[in-house]
Amino acid sequence: MESYDFAIIGAGGTGLAAAMYGARLGLKTIVFGSTHGSEAAVGGVITTTNLVENYPGFKSISGFDLAKKIEEHAKEYKEVSIKNEKVIEVRKKGNLFILKTGKSEYSSRTILFATGTKWKKLDVKGAKEFEGRGVNYCALCDGPLYKGKIVAVVGGGDSAAKDALILAEHAKKVYIIYRGENIKPEPINLQKIKANKKIEVVTKTNITEIKGNDSGVGEVILDKLLNGKNKIELEGVFVAIGHEVLSELADKSGVKLNSKKEIVINHATSETNVLGIFAAGDVTDKHFKQLITGVADGCTAAYSAFEFIKKENLVE
């Protein structure tokens with residue numbers, strides 16, 4: 001069984017930054033990159049973001065390129081090992097944690113949960129049926145498929161606004177459909193939405209059904225009239241209604257969660273209620289969640305793990 005000082009579950013920006021920092025502190029570190037299916041590619045959800053313009057040092061960079069730079073930085077250290085394996089069980093054995101994957105078992109003195117989130121699914125008739133055939137969750141990935149077509153974005157936050165702007169580069173018409181009174185993106189993105197003639201914002205409205213045929217999505221049914229009709233003919237629906245935290249494994253490991261299923265941490269140290277287990281990034285109960293805050297918390301967790309090992313004088 002391979003043994004490590006610091007095991008990181010989740011290979012997004014938070015996990016990779018923690019690995020880099022752990023290695024700098026001399027911790028033998030392993031990162032598990034497969035945590036929740038296709039969204040778990042090394043780099044995490046940020047890789048599906050078209051442009052990142054709020055990360056210091058980069059005025060404008062794609063999410064994929066930024067994640068790649070963090071990954072490359074982590075790989076500079078011989079102490080870091082990255083495994084594309086899904087951790088399915090964590091258990092305590094003496095002073096060590098045993099991590100079981102579908103392929104093997106590993107031991108570690110400390111653990112960091114950096115499992116992040118996954119997209120919330122749209123719970124209306126037809127959404128599941130047409131997923132991958134017109135119902136999408138990644139505008140950056142699938143936007144080019146809708147060149148010259150009509151699409152809709154469901155949601156009213158900054159992610160929905162960014163998706164609409166990406167889609168407007170390809171589609172001839174983009175609807176933003178939001179149940180609230182006003183969409184609430186960052187001010188700069190709101191200005192871009194208002195200035196883009198391809199984008200139409202439809203508020204106080206819900207999609208109640210998605211219809212289509214063997215070729216894919218053909219229309220959406222609304223709970224209110226729009227231009228005298230309760231439907232919009234279109235070929236693509238992009239869902240941007242938020243994320244669900246991926247904390248199930250942490251919960252099974254005895255880690256305390258709040259009512260939102262977020263991991264409860266000491267915000268100064270990234271410690272959880274279980275000694276030797278830390279958490280950072282979008283999976284935690286931090287109020288403000290951005291890549292930069294996750295990276296910072298990941299580095300904090302690495303330092304806290306280092307301090308824990310030194311204090312406990314852990315040995316195998």
Side-chain angles (χ1 to χ4, degrees), residues 12 36-41 43-54 62-64 67 116-128 130-146 149-171 173-194 196 198-210 216-217 220-223 226 232 234-246 260 282 288-291 294:
H36 51 288
S38 61
E39 294 172 51
V45 174
I46 194 66
T47 59
T48 65
T49 299
N50 186 27
L51 290 177
V52 177
E53 298 178 326
N54 60 356
S62 75
F64 179 85
T117 62
K118 66 178 180 180
W119 288 296
K120 283 185 179 179
K121 298 299 180 75
L122 186 63
D123 186 19
V124 301
K125 187 177 180 180
K128 185 175 182 180
F130 289 103
E131 189 169 323
R133 296 192 301 122
V135 175
N136 309 276
Y137 290 84
C138 179
L140 179 63
C141 312
D142 301 316
L145 301 175
Y146 294 87
K149 298 180 180 180
I150 300 173
V151 299
V153 176
V154 182
D158 198 54
S159 294
K162 288 179 178 178
D163 283 359
L165 291 167
I166 292 169
L167 292 168
E169 297 175 8
H170 308 285
K173 176 76 174 182
V174 180
Y175 292 94
I176 297 179
I177 302 174
Y178 180 49
R179 63 184 181 180
E181 189 169 348
N182 297 295
I183 61 171
K184 301 173 183 178
E186 289 186 4
I188 189 170
N189 289 324
L190 181 59
Q191 292 175 13
K192 290 178 181 179
I193 291 291
K194 290 179 177 179
N196 196 310
K198 285 187 176 182
I199 300 173
E200 180 178 345
V201 179
V202 181
T203 57
K204 294 187 283 187
T205 303
N206 293 285
I207 291 176
T208 59
E209 185 178 357
I210 299 172
V217 169
V220 293
I221 306 301
L222 309 176
D223 63 356
L226 177 66
I232 302 174
L234 45 68
E235 294 170 274
V237 177
F238 288 80
V239 183
I241 56 175
H243 295 81
E244 295 177 9
V245 291
L246 294 164
K260 298 178 182 178
D282 289 353
F288 184 53
K289 299 180 181 182
Q290 298 281 296
L291 176 60

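Numbers for residues simply follow the sequence, beginning at 1.
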Salt bridge check: are Lys204 and Glu181 linked by an N-O gap of less than 4.0 Å?
no
Would you check if the side chain of Asp158 reaches a backbone N or O of Glu186 as a donor-acceptor pair within less than 3.5 Å?
yes
State plainly whether the residues Lys121 and Glu131 are in salt-bridge range, i.e. N to O under 4.0 Å.
yes
In Å and rounded to the nearest 0.5 Å, what is the CD1 to CG distance from Ile176 to Asp163?
9.0 Å
Within the side chain of Asn136, is there an N or O that forms a donor-acceptor pair under 3.5 Å with the backbone of Gly134?
yes
Least distance between heavy atoms, Leu234 atom then Ala152 atom
CD2-CB, 3.5 Å
Does the structure place the NZ or CZ of Lys173 under 6.0 Å from the centre of the six-membered ring of Tyr175, at an angle of no more than 45° from the ring's axis?
yes
Quick one: does any side-chain atom of Thr205 pair with a main-chain N or O of Thr203 as donor and acceptor, under 3.5 Å?
yes
Give the intermediate values and the outcome of side-chain contact (heavy atoms from CB on, under 4.5 Å) for residues Ile193 and Ile199.
CA-CA 7 Å; Ile193 291 291; Ile199 300 173; 3.7 Å; yes
Determine yes or no for a side-chain-to-main-chain donor-acceptor pair under 3.5 angstrom, with Lys149 supplying the side chain and Gly236 the backbone.
no
Beyond-backbone contact of Phe238 with Val174, side-chain heavy atoms, under 4.5 angstrom
no
Thr208 side-chain N/O to Ile221 backbone N/O, donor-acceptor pair under 3.5 Å:
yes
What distance do Cys141 atom SG and Phe64 atom CZ have between them, rounded to the nearest 0.5 Å?
11.0 Å
Test item: Lys289 side-chain N/O and Asp282 main-chain N/O as donor-acceptor pair under 3.5 Å:
yes
Go through the steps for Lys120 and Ile241 under the test side-chain contact (heavy atoms from CB on, under 4.5 Å), then give the verdict.
CA-CA 6 Å; Lys120 283 185 179 179; Ile241 56 175; 3.9 Å; yes
Just how far is it from atom CD1 of Ile188 to atom CG of Asn54, taken to the nearest 0.5 Å?
10.5 Å
Atom pair CD1 (Ile150) and CD (Glu200), whose distance is rounded to the nearest 0.5 Å:
10.5 Å
Any idea which heavy atoms bring Val217 and Val237 closest together, and the distance?
CG1-CG2, 4.4 Å
Do Tyr178 and Asn206 have a side chain donor and acceptor closer than 3.5 Å?
no
Which atoms form the tightest heavy-atom contact between Leu122 and Tyr137, and what is the distance?
N-OH, 3.0 Å
When rounded to the nearest 0.5 angstrom, what distance separates NZ in Lys192 from CG in Leu190?
11.5 Å
Quick check on Leu226: does its CG atom have over 12 non-hydrogen neighbours (other residues, nucleotides or ligands) under 6.0 Å away?
yes
Testing the basics here: between Ser159 and Ala240, what is the closest heavy-atom pair and its distance to 0.1 Å?
C-CB, 4.2 Å
What closest approach, in Å, do Asn196 and Ala168 show between heavy atoms, and which atom pair accounts for it?
ND2-CB, 3.6 Å
Over all heavy atoms of both residues, which pair between Ile210 and Ala127 is shortest? Give the atoms and the distance, please.
CD1-CA, 4.0 Å
Would one find more than 12 heavy atoms of other residues, nucleotides or ligands at under 6.0 Å from atom CZ of Arg179?
no
Could you grab the distance from atom NZ of Lys194 to atom CD1 of Ile183, nearest 0.5 Å is fine?
8.0 Å
Mind running side-chain contact (heavy atoms from CB on, under 4.5 Å) on Val153 and Ile177 for me, showing each step along the way?
CA-CA 6 Å; Val153 176; Ile177 302 174; over 6 Å; no
